[in-house]
Amino acid sequence: MKKSINKTMVSTIMSTLLGLTFAATGVANADTLKLGVAGPHSGDLASYGIPTTKAAKLVVKQINSKGGVNGKQVELVIEDDVCKPEIATNTATKLASEGVKLVIGHICSGATKAALPIYKNAKIIVMSPSATSPGLTQSGDYPNFYRTIASDDAQAAKEVEFAVSLGLKKIAVIHDKGDYGKGLAEFAKKFIEANDKVEVALYEGVTPGAVDYSAVVQKIKRSGADGVIFGGYHPEASKIVTQMRKKRMKTVFISDDGVKDDTFIKVAGKYAEGVYATGPQDNSKNPLSKEAIEAHKKAYNKDPGAFYENAYAATLAILAAVEEAGSTDYDAVTKALHEHETDTPLGKIKFDEKGDAIGVGFAMYQVKDGKYVEVK
Amino acid sequence: MDYFIELFFSGLTRGSIYALIALGYTMVYGIIGLINFAHGEIYMIGAFTAYIIASVLSIYGFPALSIIILAGFAAAIWASAYGYTVEKIAYKPLRHAPRLSPLISAIGMSIFLQNYVLLAQTSDFLAFPELIPDFDFMEPYADKVGSTDMVIIVTTIVVMIALTFFIKMTRIGKAMRATSQDRTMARLIGINVDKVISVTFVIGSALAAIGGILIASHIGQINFYIGFIAGIKAFTAAVLGGIGSIPGAVLGGFVLGLTESFATGYVSSDYEDVFAFSLLVLILIFKPSGLLGREEVEKV
């Protein structure tokens, strides 16, 4: 008796499910807009991918409740790539075969790079909230790729651009020989060499933790540099700045977010005054940013995770572009992404011809009266 | 030429810093043939003590000169107490053990003291006050050599000369030399060898503490790890100059500092360590006992 009930129940559930699936695909084909979300949702790096799906869900829920995009409800198609390039190609193929025209993702640079050729052939627009490898946009190989995060070289670009705006002519690029510092210094050097207005006066690595940097400081002085761009962390930066100022050098000192730390000001004291450092943009005053975080807290009862705001901005921007374009037509959406500004938690954004979000990334700060103040 | 002089002074400053710490290594080695790896940590503890004392004194508004003197004395005494205790706890029980045992014990002491300061104080970088003021008469040369640099160089030379006289002229100095030559014989003629060794540790530690204050006010920051890096370079300087020899430690420090400074100035700071250690290897190939070291006499 019991058994037969179970059987009946199972078959009922099965048929209901089947029916639902048919219905869902049926509706989807008719009038929903499919938005793919790809990233690691399981495995070691899941914590980088899950906040993005949460952001996409929250944005889509909000937009659907207001009537959707161009009168269509948005439907999310979420696929896991475990952050692995070899799996990301499968993910991409699957999304393409399901008729998705827009994808938020992928999360990791390696996986993104592996998936992009497939999306490109299928004319699918991809927007990553977190892939920072510079080549993804700058190589020009992927016109269908956009991102709402600054690339790895954005800090160096900002530093050089700022140095030029100060009217500096010769720049000494110094780094601490570490991955982070040297990487930044290499980008800075490349950008300076590409710019006619400035030249590299000196390019050197210093040994972290040394008791004295006066020899390299003398060398900076001798090179005639009017500015120093330093790639590294605050202990070395404070020693170098202190010794420069003690040698009565007024050379401008520009550094990175490894130096934009209050310990730097505490340790270098009065010598820290006037030092410039790039740091992540402050979005805390943006009402949309507050709204996005509030929505997350309400839905999940905790603070959002990595790249949440970038993903929130990406979902908003891509859907707004579709709205603007009136359809998911590749050319029309591309045009809208480049031309139409969207209000997001990261500020008003549109995309440059390479696919990087304009205005997203790093701001320049300067030490004034013992505090970092944003330079406008 | 100006550039050469600037590099020369920056090398001398760096060399003096190494030398001040190297003196402690070389003294201990000269007496008991032990490389005291915890010496760098004694230097770090000296700097921390000075930091605490100087902070307290400046709250009470003491004048700058009295702060540096009082902090210097306090740091020297405190660091000496540590040096004395380390010797009694970690080395004395191993006096007759094979040479490797006290060496391992020294490395253990070094790790212990680092972590002790890390836990008892902080892992952060602390801003060390500028205890040495900028002298007015140095102002015209400030772009070449700072007041702090000058004080460090002069202190190193004075300390070296005083120490040499102390060992050559005084009674306890004589006892030290006797102990270093033959510990058993020294004991037979009535020298209190344990006391001599303790005195050596106390003097070495006090010097390290003085070095700690000068260096910390030169670079303006301290944390629990400074002793390790400075200690490695100072040890190199001691070996370069001939470990066991006091003028050798200072000479070794200067040679190392100048090599690094000129390598940075004329080649690239990327290679400063390459040059410094290539020089060490070269000197040890041609003069295995170091620049001023005595030829190794096999003790029986």
Side-chain angles (χ1 to χ4, degrees), chain A residues 172-178 181-182 185-186 202-224 230 232-251 258-259 261-272 370, chain B residues 2-18 21 124-130 134 139 142-149 152 211 215-216 218-223 225-226 228-230 232-234 257-258 260-273 276:
Chain A
V173 181
I174 309 291
H175 60 83
D176 68 356
K177 300 187 199 171
K182 194 174 180 193
E186 272 169 5
L202 187 67
Y203 180 75
E204 297 240 349
V206 297
T207 312
V211 289
D212 176 272
Y213 290 112
S214 53
V216 86
V217 165
Q218 298 289 10
K219 202 171 183 184
I220 294 170
K221 190 166 85 176
R222 190 178 184 229
S223 73
F230 176 75
Y233 298 99
H234 63 84
E236 283 68 45
S238 59
K239 284 186 215 171
I240 294 174
V241 167
T242 305
Q243 299 205 332
M244 272 170 47
R245 300 298 182 245
K246 278 190 181 166
K247 295 250 183 312
R248 307 293 185 263
M249 289 160 67
K250 293 194 172 60
T251 321
V259 172
D261 183 305
D262 289 338
T263 317
F264 171 75
I265 301 177
K266 202 178 77 193
V267 168
K270 62 178 177 180
Y271 301 113
Chain B
D2 263 5
Y3 186 53
F4 179 84
I5 292 169
E6 285 165 4
L7 289 178
F8 181 75
F9 274 110
S10 105
L12 273 192
T13 311
R14 208 178 242 233
S16 305
I17 291 172
Y18 296 153
I21 310 171
D124 269 351
F125 277 90
L126 296 171
F128 198 87
E130 271 183 76
D134 281 347
E139 194 54 39
D143 60 329
K144 292 187 183 60
V145 49
S147 305
T148 324
D149 306 25
I152 290 177
I215 297 158
H218 175 62
I219 58 178
Q221 53 180 279
I222 54 172
N223 79 344
Y225 200 58
I226 52 168
F228 183 75
I229 297 162
I232 294 279
K233 279 291 170 71
L258 288 171
E260 288 182 355
S261 176
F262 287 126
T264 299
Y266 290 114
V267 190
S268 163
S269 58
D270 291 295
Y271 295 106
E272 70 174 27
D273 284 349

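Residue numbering restarts at 1 for every chain, and letters A, B, ... go by the order of the sequence lines.
The closest side-chain heavy-atom distance from A:F230 to A:I240 is below 4.5 Å. In this structure the side chain of A:Q243 never reaches within 4.5 angstrom of the side chain of A:I220, judged on heavy atoms. Residues A:K246 and B:T148 are in side-chain contact: their nearest non-hydrogen atoms beyond the backbone lie under 4.5 Å apart. Looking at heavy atoms from C-beta onward, B:D273 lies in side-chain contact with B:E260 at the 4.5 angstrom threshold.
Contact of A:K177 with chain B is made through the side chain alone, with heavy-atom distances under 4.5 Å. Only the side chain of B:E130 comes within less than 4.5 Å of a heavy atom in chain A; its backbone stays farther off. Using a 4.5 Å cut-off between heavy atoms, B:T13 contacts chain A through its side chain alone, with no backbone atom that close. A:K182 does not touch chain B: none of its heavy atoms, backbone or side chain, sits under 4.5 Å away. Heavy atoms of B:F262 lying under 4.5 Å from chain A are absent altogether. Looking at B:D149, only its side chain comes within 4.5 Å of chain A, counting heavy atoms on both sides.
Chain A forms more heavy-atom pairs under 4.5 Å with one residue of B:E272, B:K233, B:E139 than with any other, namely B:E139. Considering only heavy-atom pairs separated by less than 4.5 Å from chain A, the leading option among B:N223, B:L126, B:I219 is B:I219. Looking only at heavy-atom pairs under 4.5 Å with chain A, the residue among B:S269, B:G146, B:G257, B:S261 that has the most is B:S269. Interface summary for chain B: among A:R248, A:K239, A:K219, the most heavy-atom pairs under 4.5 angstrom belong to A:K219. Chosen from A:H175, A:H234, A:K221, the residue pairing most often with chain B at heavy-atom distances under 4.5 Å is A:K221.
Note that CD1 of B:I215 is 8.0 Å distant from CD1 of B:I226, once rounded to the nearest 0.5 Å. Expressed to the nearest 0.5 Å, how far OG1 of A:T263 lies from CZ of B:F125 amounts to 9.0 Å.
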Can you give me every donor-acceptor pair (side chain of residues 210-218 of chain A, partner residue at least two apart or in another chain, under 3.5 Å) with its distance?
from   : atom 1 : to     : atom 2 : distance (Å)
A:D212 : OD1    : A:S214 : N      : 3.0
A:D212 : OD1    : A:S214 : OG     : 2.6
A:D212 : OD2    : A:S214 : OG     : 3.4
A:D212 : OD2    : B:H218 : NE2    : 2.6
A:Y213 : OH     : A:T207 : O      : 2.5
A:Y213 : OH     : A:G209 : N      : 3.4
A:Y213 : OH     : A:A210 : N      : 3.3
A:Q218 : NE2    : B:K144 : O      : 3.3

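Counting only distance, with no hydrogens or angles, the side chain of B:Y3 and the backbone of B:G265 share a donor-acceptor pair below 3.5 Å.
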